[in-house]
Amino acid sequence: MARLVVVQQKQPSFSLLPSSLSDFNGVRLSNSSIQQFSKRKEWQAKGAFQVKASSAKKILIMGGTRFIGVFLSRLLVKEGHQVTLFTRGKTPITQQLPGESDQDYADFSSKILHLKGDRKDFEFVKTSLAAEGFDVVYDINGREADEVEPILDGLPKLEQYIYCSSAGVYLKSDLLPHFETDAVDPKSRHKGKLETESLLDSRGVNWTSIRPVYIYGPLNYNPVEEWFFHRLKAGRPVPIPNSGVQITQLGHVKDLARAFVQVLGNAKASKQVYNISGEKYVTFDGLARACAKAAGFPEPEIVHYNPKEFDFGKKKAFPFRDQHFFASVEKAKTELGWKPEFDLIEGLADSYNLDFGRGTYRKAADFSTDDMILNKSLVLQS
Amino acid sequence: MAVVSSSSSFLSSLALNLPSSALSSHPRIRFSSTLFSLFPSSSPSSLSSSLSISSSFLFYPVSCRRPSVSSSFSVKASAEKKKVLIVNTNSGGHAVIGFYFAKELLSSGHDVTILTVGDESSNKMKKPPFSRFSEIVSAGGRTVWGDPSEVGKVVGGAAFDVVLDNNGKDLDTVRPVADWAKSTGVKQFLYISSAGIYKPTDEPPHVEGDVVKADASHVAVEKYIAEVFTNWAIFRPQYMIGSGNNKDCEEWFFDRIVRDRPVPIPGSGMQLTNIAHVRDLSSMLTLAVENPAASSGNIFNCVSDRAVTLDGMAKLCAQATGRPVKIVHYDPKAVGIDAKKAFPFRNMHFYAEPRAAKDILGWKCTTNLPEDLKERFDEYIKIGRDKKPMQFELDDKILDSLKVAVAV
């Protein structure tokens with residue numbers, strides 16, 4: 001065992017391990033558990049290995065097991081930080097990502113820590129956080145301002161509070177894109193996010209707020225790209241409300257995760273808001289075509305309809321808000337030197353190849369609203 | 001990759017990319033065109049964006065780079081006085097660009113000659129901005145008229161440091177100006193092209209480096225300029241407003257709103273366009289003149305940093321007048337009219353963003369449509385245009401046909 005520890009210390013990067021391990025990248029394995037187990041034991045034995053010992057932080061992520069945090073936590077662990085996920089434990093703390101090598105997954109799961117609890121239990125939040133003490137909090141799943149108070153109360157020496165807000169806070173405007181300085185809507189569906197931003201500012205803590213637009217990528221639990229993929233796979237027409245020229249914006253979750261990492265310990269980001277999403281926007285019709293192109297489906301038949309002519313009840317007939325909605329990411333690019341790595345087609349292909357294209361999705365296909373729309377247009381044609 | 005931000009981060013990013021010896025003599029940082037594009041540019045070698053930093057640019061004091069709405073430029077590296085020739089079109093939406101640019105250069109202390117195409121006595125000269133060219137003269141500028149293919153003769157053999165061609169849309173028209181400029185040692189050649197040459201896309205906005213329509217006549221001009229000159233910059237504008245405009249823009253909406261007429265807009269009204277105050281176009285050009293090393297070899301979308309929908313523009317115009325507006329949408333094909341004749345903007349998304357100007361020149365947009373349109377409306381009333389009798393033949397045809405459709 002001691003010999004193994006010595007070997008590990010001489011190898012600062014896991015990519016230097018025997019090349020046969022790299023063959024496992026991206027390939028799903030069924031009977032490699034023995035090798036995986038022995039590797040995990042090695043990494044556990046050597047203790048906390050820190051890549052950047054001087055700047056390593058003790059980080060708490062509120063959430064972190066579902067989508068953004070899954071990617072963010074991996075980046076942070078790779079940078080050598082000690083990362084704890086605060087969740088109720090309903091979702092497995094770690095899951096191997098499609099395309100993630102066994103060694104990477106084993107390394108990550110051996111290092112990630114879990115603090116089990118309900119963030120709505122404010123007393124527990126305050127006392128458990130105070131007991132642990134964290135340098136930085138990433139609040140990925142916070143919705144209401146009152147959820148933040150116990151965190152701040154429990155961590156008086158907190159260096160930075162990094163919040164996942166939403167571009168949904170912007171007041172609807174005839175002038176786009178939304179810039180961080182634009183008016184916000186105190187009545188929006190996302191007003192909890194706004195109230196959280198205000199609270200952070202009023203408490204004098206060093207905060208940074210990230211406002212994503214529509215997030216996409218593998219493991220997306222919001223049926224954004226998935227909605228299109230279901231219809232493309234079924235060879236069905238894609239029903240798009242009104243003209244189809246409404247412009248929206250998608251941002252890849254991995255680019256978002258990198259932005260979150262880039263604000264960590266960054267003095268420029270102190271008390272700043274950043275829009276984070278793709279560099280280009282896309283029309284609704286264009287998105288249908290892009291999903292087809294990325295996934296290798298033929299160009300879809302698009303059917304436009306007037307949503308006012310239908311009563312869909314509680315069901316959502318289309319995953320996007322029926323309006324132009326996009327934000328400038330110029331500030332993040334200029335101030336943080338951040339830049340999205342994925343363009344739309346590449347990003348959708350990444351999502352398809354690692355998720356839907358492998359037969360996984362979060363929400364089963366439901367074409368009931370589609371059929372209402374298509375049946376009506378059939379009637380009109382006849 | 002952030003290049004123009006606060007000077008400290010700028011220098012540190014510079015340090016990462018260049019060997020220290022390069023800093024002393026006009027280093028050239030090459031941006032790959034993929035920085036701004038999703039698709040390869042049609043002519044990657046000559047039109048790819050590249051960045052070069054002159055040493056005077058590096059030491060620009062941080063304090064002057066504070067963003068401020070009132071100042072139109074934040075990078076002012078060179079105090080050198082330039083002799084600038086503007087070859088200006090005698091009509092159309094771009095005419096006003098030369099007018100503002102001339103006045104701005106003059107107030108910055110540069111020497112300006114503006115050559116307007118055609119005859120000084122032509123009826124075209126009775127319209128703005130030409131009717132106000134005395135303002136250029138009293139500011140110390142020189143105004144001449146003539147045929148740009150004889151530019152040398154028209155300017156009386158004078159020599160210039162900088163030439164802006166704000167006239168030609170095709171190579172036949174620009175070539176003589178470019179060739180003359182090259183032969184007389186003009187150091188910097190600037191060209192007003194058009195954002196209309198971008199290929200329509202599912203993924204707005206148009207950014208510098210995106211694919212352009214191969215058959216657009218401006219493309220040949222852009223290529224030629226890039227071949228002939230070492231120091232060149234190309235500007236692609238969209239629509240503009242501003243006093244002295246030769247072509248109606250907001251006036252089209254005001255005409256209808258003040259007469260309580262419906263505003264017919266083709267399609268859904270959701271199409272995005274880009275309408276800038278011409279002072280922003282002028283400030284971008286001035287930054288290029290005063291930062292020739294930084295601007296060299298670049299294409300700049302010469303537009304505001306906000307899109308507005310066609311419906312949005314109608315609403316903002318109405319707000320500026322303090323009156324209500326009734327917007328009516330129509331399908332030009334169904335009505336049987338040419339939308340180009342019936343409506344002043346393109347019937348499609350037509351939206352470019354000025355990313356290169358912001359990144360490379362530190363240019364700031366000051367266009368504020370709600371405020372700017374109020375000023376425009378004040379002038380509209382002052383000149384009595386609201387009382388002017390007008391015919392709205394195409395509008396009436398549209399409105400009639402819509403009534404017919406509804407009656408069924």
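Numbered from 1 within each chain, the chains take letters A, B, ... in sequence-line order. Keep in mind that the numbers below use all heavy atoms, side chains included, and drop hydrogens, waters and symmetry copies.
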Worksheet entry | Shortest non-hydrogen separation from B:P204 to A:I247 and the atoms involved | CG-CD1, 3.5 Å
Practice prompt. Would you mind checking which part of A:Q246 comes under 4.5 Å of any heavy atom in chain B, side chain (CB onward), backbone (N, CA, C, O), both or neither?
Written response: both
Item to complete: Check whether A:T283 gets within reach of chain B through its side chain, its backbone, both or neither, counting any heavy atom under 4.5 Å.
Response: both
Is any side-chain heavy atom of [X] less than 4.5 Å from a side-chain heavy atom of [Y]?
| X | Y | result |
| --- | --- | --- |
| B:L369 | A:L175 | yes |
| B:P205 | A:F326 | no |
| B:E353 | A:Y281 | yes |
| B:E203 | A:L287 | no |

Would one find more than 12 heavy atoms of other residues, nucleotides or ligands at under 6.0 Å from atom [atom1] of [X]?
| X | atom1 | result |
| --- | --- | --- |
| A:K271 | NZ | yes |
| A:R321 | CZ | yes |
| B:K326 | NZ | no |

Practice prompt. Just do the side-chain contact (heavy atoms from CB on, under 4.5 Å) check on B:K358 and A:K333 with the steps written out, would you?
Written response: CA-CA 12 Å; B:K358 283 191 176 184; A:K333 284 172 70 180; over 6 Å; no
Discussion item. The test is side-chain contact (heavy atoms from CB on, under 4.5 Å); show your working for B:M348 and A:V245 and say whether it passes.
Written reply: CA-CA 9 Å; B:M348 58 193 291; A:V245 305; over 6 Å; no
Worksheet item: Which bit of B:S268 comes within less than 4.5 Å of chain A, counting heavy atoms only: side chain, backbone, both or neither?
Response: side chain
Fill in: chain A contact via B:D311 - which portion, at a heavy-atom distance below 4.5 Å
neither
Practice prompt. Look at A:S243, A:S173, A:P177, A:G286 and state which one has the largest set of heavy-atom pairs under 4.5 Å with chain B.
Written response: A:P177
Discussion item. Under a 4.0 Å threshold between the charged nitrogen and the carboxylate oxygen, would B:R306 count as salt-bridged to A:D182?
Written reply: yes
Worksheet item: Under a 4.0 Å N-O cut-off, is there an ion pair linking B:R355 with A:E330?
Response: no
Worksheet entry | Euclidean distance, B:T309 OG1 relative to A:H324 NE2, rounded to 0.5 Å | 6.0 Å
